[in-house]
Amino acid sequence: MRYWLMKSEPDEVAFDDVLAAPGKTVSWFGVRNYQARNFMRDQMQPGDGVLFYHSSCAVPGIAGIAEVVGAPYPDASQFETDRKYADPKATPEAPRWISVDVRAVAQGRYLPLTELRTVPQLQDMVLLQKGSRLSVSPVTRGEWECILALAGV
DNA sequence: GCCAACGTTGGC
DNA sequence: GCCAACGTTGGC
């Protein structure tokens with residue numbers, strides 16, 4: 001069992017959208033970074049914990065708790081010609097990018113990035129490191145438990 | 001395989 | 001909109 005933080009722009013997919021989705025489950029698409037992809041491909045397992053993070057918005061922060069459902073599969077958006085997530089070098093025979101399904105589990109108190117930065121136990125979080133831009137990053141068990149406690153989950 | 005130029009991320 | 005930090009591209 002591992003834990004992850006996954007960044008989503010709420011204008012695109014907010015945690016509320018996951019809660020409202022059928023089965024509270026959405027496809028996590030649009031990852032276009034090899035390191036993030038490799039985490040998804042090589043280390044994610046069904047049941048892994050996910051911190052659902054809102055980025056590029058007025059108050060960035062952790063919006064909810066989710067879990068990985070099922071195995072990775074090719075990200076359909078890479079084949080959508082001339083669209084935002086299109087990758088001309090990807091083909092159905094040789095897909096380059098993958099998706100996983102993510103299900104909302106709990107919604108606690110919203111935890112703004114500014115608050116996370118003040119918590120001593122979270123100092124080493126990948127998210128909080130200078131220049132960190134990874135859209136999928138590992139979270140330790142200690143960080144996970146600290147955040148769930150802060151969120152009141 | 002180096003590395004400069006360029007593109008992207010994402011907080012502020 | 002700015003800009004620091006990082007990733008990717010492509011000429012050599």
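Everything numeric here is computed off the predicted structure, so don't read it as measured data. Computed over heavy atoms, backbone and side chain alike; hydrogens, waters and symmetry mates excluded. Letters A, B, ... mirror the listed sequences (proteins, then strands); counts begin at 1.
For the pair Q35(A) CD and dT8(C) C1', the computed distance is 14 Å after rounding to whole Å. Here the P atom of nucleotide dG10(B) and the CD atom of E12(A) are 12 Å apart, to the nearest Å. Atoms CZ (R96(A)) and P (dT9(C)) sit 7 Å apart, rounded to a whole Å. Atom-to-atom, OH of Y85(A) to C1' of dT8(B) comes out at 12 Å; the value is rounded to the nearest Å. The separation between W97(A) atom CH2 and dG7(C) atom P is 13 Å, rounded to whole Å. A straight line from NE2 of H54(A) to C1' of dC12(B) spans 19 Å, rounded to a whole angstrom. Between M125(A) atom CE and dG11(B) atom P the separation is 13 Å, expressed in whole Å. One atom, CD of Q129(A), and another, C1' of dA4(C), lie 16 Å apart when rounded to the nearest Å.
A sub-4.0 Å separation between OP1 or OP2 of dT9(C) and a side-chain N or O of Y34(A) is absent. When the side-chain nitrogen and oxygen atoms of K7(A) are compared with OP1 and OP2 of dG10(B), one or more of them lie within a distance under 4.0 Å. Checking the phosphate oxygens (OP1, OP2) of dA4(C), no side-chain nitrogen or oxygen of K130(A) falls inside 4.0 Å.
Neither side chain, Q78(A) nor R96(A), offers a donor N or O lying under 3.5 Å from an acceptor on the other. A side-chain donor from one of R32(A) and S77(A) sits under 3.5 Å from a side-chain acceptor of the other.
Listed nucleotides dT9(C), dG10(B), dG7(C) differ in distance to S55(A); the shortest reach to its side chain belongs to dG10(B).
Salt bridge status for E67(A) with K24(A): absent, with no side-chain N to carboxylate O gap under 4.0 Å.
Residue R133(A) places a side-chain atom within donor-acceptor reach of the base of dT8(B), judged by atom type and a 3.5 Å distance cut-off alone.
Checking side-chain atoms of D48(A) against main-chain N and O of Q45(A) turns up a donor-acceptor pair under 3.5 Å.
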